[in-house]
Amino acid sequence: MPTRTAAQRRNEASIVYDAYLAECPARQLLDRISDKWVSLAVNALADGPQRYTGLQRRLASVSQKMLTQTLRNLERDGLVSRTVTPAVPVRVAYELTPLGRSLLPVMRAIKGWAEEHMEEVRAARATYDAPGTGSADAGSAGRGDRPTTPDHGADTAS
């Protein structure tokens, strides 16, 4: 670890992140942790180390490519550690790091909220999508023609 001056340490401590700014690294992190496979993988690893195949079984319908990519990204961000045990065949286990564990309460809350409120969301979607009701038939105020704002152009939210 390189030695830093007191001025460098103060400068680093004074950095303020604002995820509302496009160039802010915190926005990239929010993008990463809001991914559905990240949320499910973090929750699946809450019970302790797991092998790749165990995670793949637990995260029904995740492709091998997506699970591999998700685990690599989590490892890169310091949220997951990967341990290789030399054996025949080689054994690889994934486990949450202390930083990853600190994310668990938020991820558990989001997963729980989704499971608890799914019926309300389904009802809202059905109302919205029904012909003659909701915003789906509201013409230019509906989904297809979103209003534009002078600062940001067309609203690209989905």
Side-chain angles (χ1 to χ4, degrees), residues 12-83 91-158:
E12 290 171 7
S14 70
I15 293 174
V16 177
Y17 296 106
D18 183 353
Y20 288 112
L21 300 174
E23 66 279 357
C24 182
R27 181 180 276 196
Q28 295 166 355
L29 182 57
L30 281 173
D31 183 49
R32 170 77 39 87
I33 63 176
S34 65
D35 177 80
K36 74 176 174 183
W37 295 119
V38 167
S39 174
L40 293 172
V42 168
N43 276 297
L45 289 168
D47 297 330
Q50 299 222 9
R51 293 182 63 188
Y52 183 92
T53 53
L55 283 170
Q56 196 169 31
R57 274 193 299 273
R58 182 97 187 258
L59 306 180
S61 81
V62 67
S63 69
Q64 181 177 351
K65 177 183 175 185
M66 185 54 63
L67 181 56
T68 298
Q69 180 180 327
T70 299
L71 290 169
R72 283 182 182 162
N73 287 335
L74 289 170
E75 185 178 8
R76 179 174 183 252
D77 288 341
L79 301 174
V80 167
S81 64
R82 179 179 183 265
T83 305
R91 300 181 77 165
V92 179
Y94 296 89
E95 181 176 17
L96 292 175
T97 64
L99 185 60
R101 288 207 165 280
S102 73
L103 188 58
L104 261 177
V106 175
M107 292 300 195
R108 283 181 172 154
I110 290 170
K111 179 180 172 284
W113 184 93
E115 292 167 348
E116 183 179 332
H117 295 282
M118 194 60 235
E119 288 307 313
E120 294 167 78
V121 171
R122 289 178 77 180
R125 288 176 181 171
T127 300
Y128 183 89
D129 294 341
T133 63
S135 299
D137 291 337
S140 64
R143 296 180 304 225
D145 299 317
R146 295 197 183 266
T148 59
T149 62
D151 295 336
H152 297 38
D155 178 9
T156 58
S158 48

Close side-chain approach of Val92 to Thr83, heavy-atom, < 4.5 Å: no
Separation of Leu103 CG from Ile110 CD1 (nearest 0.5 Å): 8.0 Å
Pairs touching residues 56-75 that satisfy side chain to side chain donor-acceptor pair (under 3.5 Å), sequence neighbours left out: Tyr52-Thr68
Inter-residue atom distance Arg82.CZ - Thr97.OG1, 0.5 Å rounding: 15.5 Å
Separation between OG of Ser34 and CG of Leu29, rounded to the nearest 0.5 Å: 9.5 Å
Pairs touching residues 99-116 that satisfy side chain to side chain donor-acceptor pair (under 3.5 Å), sequence neighbours left out: Lys111-Glu115, Trp113-His117
For Ala114, side chain to side chain contact (heavy atoms under 4.5 Å, CB included) partners two or more places apart: none
Pairs involving residues 17-35, ordered by first then second residue, that meet salt bridge (charged side-chain N to carboxylate O under 4.0 Å, His left out) (sequence neighbours left out): Arg32-Asp77
Nearest heavy-atom neighbours spanning Ala19 and Leu30: CB-CD1, 3.5 Å
Trace of the side chain to side chain contact (heavy atoms under 4.5 Å, CB included) decision for Val106 with Ile33: CA-CA 10 Å; Val106 175; Ile33 63 176; over 6 Å; no
Residues which pass salt bridge (Lys or Arg N to Asp or Glu O under 4.0 Å) with Glu120, listed by chain and number, not counting sequence neighbours: none
Residue list, side chain to side chain donor-acceptor pair (under 3.5 Å) with Arg125, at least two apart or on another chain: none
Side-chain donor-acceptor pairs under 3.5 Å in residues 38-47, sequence neighbours left out?
from, atom 1, to, atom 2, distance (Å)
Asn43, ND2, Ser39, O, 2.9
Asn43, ND2, Met107, O, 3.4

Shortest non-hydrogen separation from Ala26 to Tyr17 and the atoms involved: CB-CB, 4.0 Å
Contacts of Arg76 that satisfy salt bridge (Lys or Arg N to Asp or Glu O under 4.0 Å) - sequence neighbours left out: none
